[in-house]
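Have a look at the structure below before the remarks.
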Protein chains: 4
Amino acid sequence: MEQIAEKKKAILETTLELIKEHGFHGTPMSLVAKKAGVAAGTIYHYFESKDELICEVFSYIMQKATLALHQGGLAEMSYKDKFFNLWVNLYEFYRNNPNVLVFFEQFVNSPYNAIIGHGCQDQIRTYLFNFLAEGVSKGYLRSVNPEVLSVLVLGNVITTAKIMRLQHVKINDEELQQIREIIWDGMAAR
Amino acid sequence: MEQIAEKKKAILETTLELIKEHGFHGTPMSLVAKKAGVAAGTIYHYFESKDELICEVFSYIMQKATLALHQGGLAEMSYKDKFFNLWVNLYEFYRNNPNVLVFFEQFVNSPYNAIIGHGCQDQIRTYLFNFLAEGVSKGYLRSVNPEVLSVLVLGNVITTAKIMRLQHVKINDEELQQIREIIWDGMAAR
Amino acid sequence: MEQIAEKKKAILETTLELIKEHGFHGTPMSLVAKKAGVAAGTIYHYFESKDELICEVFSYIMQKATLALHQGGLAEMSYKDKFFNLWVNLYEFYRNNPNVLVFFEQFVNSPYNAIIGHGCQDQIRTYLFNFLAEGVSKGYLRSVNPEVLSVLVLGNVITTAKIMRLQHVKINDEELQQIREIIWDGMAAR
Amino acid sequence: MEQIAEKKKAILETTLELIKEHGFHGTPMSLVAKKAGVAAGTIYHYFESKDELICEVFSYIMQKATLALHQGGLAEMSYKDKFFNLWVNLYEFYRNNPNVLVFFEQFVNSPYNAIIGHGCQDQIRTYLFNFLAEGVSKGYLRSVNPEVLSVLVLGNVITTAKIMRLQHVKINDEELQQIREIIWDGMAAR
DNA sequence: AATGAATGAGTCTTCATTCAT
DNA sequence: GATGAATGAAGACTCATTCAT
């Protein structure tokens, strides 16, 4: 039983890894099988098709992401600190799981997204939305549609993480701090 | 010769259209040929391979994008207005060319990107970088690495445009204005 | 031991049922296992291979068919009545076991037939042959090769039953009677 | 253009031949390709799928069969002679195209039949039906549902031809004559 | 005896690319 | 230049069979 779980997990992880590297269509099932150390047919015990496999990889990742978001005690922090904590959590998650970032991008720009529904970052966005809506209603943030704000923040984090990954640009910790301050300063109530 | 140019253009446009809709690997050459109204073999008169075709589509788009950036007289505007003009230009370009956005995303997250080199948004980023570097050096903007700033701005525009396209969120003109003001306020020198 | 027999029987019946519906190759062992309520491996305790299973299904059916042939007291009937009794027995068997008809057809037109030998309807034909040979030698029937006659009769019954099954044609009892009379009249000594 | 037609024909003939020998599912496309002397992919220029190929083989055969039926001048023959001519035509067709017989049998007992409709022998049966209906209405034949008669005749011919093919039984020309006389005598008006 | 996870050879099908016309 | 028939390697997926439990 443990054995089983392990194989399924191995397949999921391998798929994620390979898709990051070679893309959806550059990742044949045979390669997944080989790298995961199972027979081609075995994958089909756990997943009905390549499509389902990919969708399950997405869900699998999504869970991890949601967990990561909640890291760090938010209890009696100031709203601003909470915001920074959130920003850092998201950023770190994407930094530490570069596979995820690429996978997400590919997933969103693919027919798979339609399968799952609005799919991708919705859970994350929902969480973000609620947090920012609270900020607006309590007067910490400008009176702007929280939907708009969450888009801004998410786009900001993702772009930052992506930039780091592609390593076109080297950003040090200080600059990282600046980035989130720029976003905060832009959003904060005057 | 005119004939030729037309066919080549038809192939480029068709490819872009199809890739937007079905992705790289969901777009067989045979389909491009059919929709472009040429024979399969004809494509290979103009492009050495599918890879080359895709890379040329990228270049083709890139040209348009660069042109768009320069729209609107920047001559005696204030720096802030120039910034807003730039933001709007970029935003409008992405809005009006949704194909491009999807194509870019796919392109960046693909092995093709490696072929072209740093590829993608570099021309745009270079332009942006120079503009923002000027802002920093002239004291209009905070003293932050212009590289960082350009990432912020580009990510901001793209995310906004993408959101609009996916229509998860409806953003009106006022909110659009707010978005660029938030970014500006965050970056502007105190 | 009863348990075992039951499982074996369940597998045989399920296989027959599935093959009728989906054909030999449309009937994977896994499906047989599932519908028969046993594990895939279990089938291989009772049958060496899929081929053997199919051949045993054939034998299993053959037994039933032979039994059916002998129904109805033939003792002091006239030869003509005996013939009609035989015709009806065969017809009823095929009517009541449509699975068998389809299975037979598939079996005969398949490599399996070679495995079993002359296979299929031989037992039935042998019985028929003997009965008709008797009719010829005793002067009830024309002086025709009994082999030929048995082919005629068997073909006649099977075609009739098949027609009824496919329901291209609706035949009532009277017409059924006519059919066997036509055959009888054709064969009967002048 | 001749070249093309030839390849398509080669594929059709090869498929028929192979299916007769190994059955639908025992005939991989790769084998068809090899025996037909074309590449695997080529088949898919002419036929959308294996299913379509098989259905087209069926139509291809049907045409030949219908042609064969009409052989021999039926003009001023007696009705009985016309019947014998028809019987012989059908018989000869099945004898000379043993592939067809096996293919038909397989086709009827398969999901393909559903695709084409009532499919199989309908054209032949229709022709037969009309001929026999005429016989009944003109008083040459017993007053029996022509539908029933056509079933009888068709079953008779097919069974005879099948028997010959399987060579379980050797039937000489005289016996063949007897067979059709038996059928005729059974059906003829008293 | 029974299970069912695992295997991997074999199937249908697609598609980038070539080449004779 | 233009065509599109032909190629064949490669991919997703199936399924008879095995074997550790």
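Only a predicted model underlies this, so the values are computations on that prediction, with no experimental measurement involved. Just so we're on the same page: letters track the sequence lines, and every chain starts at 1.
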Check your understanding: When you match E48(D) and A40(B) each to their closest nucleotide on DNA chain E, which lands nearer the 5' end?
Key ->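 Whichever sits nearer the 5' end wins; that is E48(D).
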Review point. If you find the nucleotide of DNA chain E closest to M29(D) and the one closest to G37(C), which residue's nucleotide is nearer the 5' end?
Key: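 Residue closer to the 5' terminus by nearest nucleotide: G37(C).
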**Study point:** Member of L53(A), I61(A), V32(A) meeting the side chain to side chain contact (heavy atoms under 4.5 Å, CB included) criterion with L12(A)
**Key:**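 Exactly one candidate clears the test, L53(A).
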Starting at [atom1] of [X] and ending at [atom2] of [N], how long is that distance when rounded to a whole Å?
| X | N | atom1 | atom2 | value |
| --- | --- | --- | --- | --- |
| K34(D) | dC12(E) | NZ | P | 14 Å |
| L53(C) | dT17(F) | CG | P | 10 Å |
| L18(C) | dC15(F) | CG | P | 12 Å |
| Y44(D) | dA6(F) | OH | P | 16 Å |
| K8(D) | dG4(F) | NZ | P | 17 Å |
| F47(A) | dA5(E) | CZ | P | 14 Å |
| F24(D) | dC12(E) | CZ | C1' | 16 Å |
| H25(A) | dT14(E) | NE2 | P | 15 Å |

Point to revise | Any-strand Watson-Crick or G-U partner of dT21(F), both distances under 3.5 Å | key: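 Base partner found: dA2(E).
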**Study point:** Closest listed nucleotide, where the reference is the side chain of Y46(A) and the choices are dA5(E), dC13(F), dT17(E)
**Key:**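 Closest of the options to the side chain of Y46(A): dA5(E).
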**Study point:** A39(B) side chain, from C-beta outward: closest of dA2(E), dG4(F), dT7(E)
**Key:**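 Of all the options, the side chain of A39(B) is nearest to dG4(F).
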Exercise for review: Verify the contact: side-chain N or O of K7(D) to OP1 or OP2 of dA6(F), cut-off strictly under 4.0 Å; return yes or no.
Suggested key: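 Answer is yes, contact under 4.0 Å.
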Practice item. Give, for atom OG1 of T15(B) and atom CZ of F47(B), the distance between the pair rounded to the nearest 0.5 Å. Key: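 Atom-to-atom, T15(B):OG1 and F47(B):CZ are 7.0 Å apart.
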Review point. In a check of salt bridge (Lys or Arg N to Asp or Glu O under 4.0 Å) between E56(D) and each of K8(D), K9(D), K50(D), which one passes?
Key: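 By the salt bridge (Lys or Arg N to Asp or Glu O under 4.0 Å) criterion, E56(D) pairs with just one of K8(D), K9(D), K50(D): K8(D).
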Exercise for review: Let me know, please, whether H45(D) or T27(A) comes out on the 5' side of the other along DNA chain F by nearest nucleotide.
Suggested key: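 Mapping each residue to its closest nucleotide by heavy atoms, the 5'-most match is H45(D).
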Review point. Taking the nucleotide of DNA chain F with the closest heavy atom to each, which residue, T42(D) or P28(C), is nearer the 5' end?
Key: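 Whichever sits nearer the 5' end wins; that is T42(D).
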Check your understanding: Do the ring planes of F58(B) and F103(B) sit parallel (below 30°), tilted (30 to 60°) or perpendicular (above 60°)?
Key ->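 If you compare the ring of F58(B) with that of F103(B), the planes turn out parallel.
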Point to revise | Greater than 12 external heavy atoms within 6.0 Å of K35(C)'s NZ | key: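 No.
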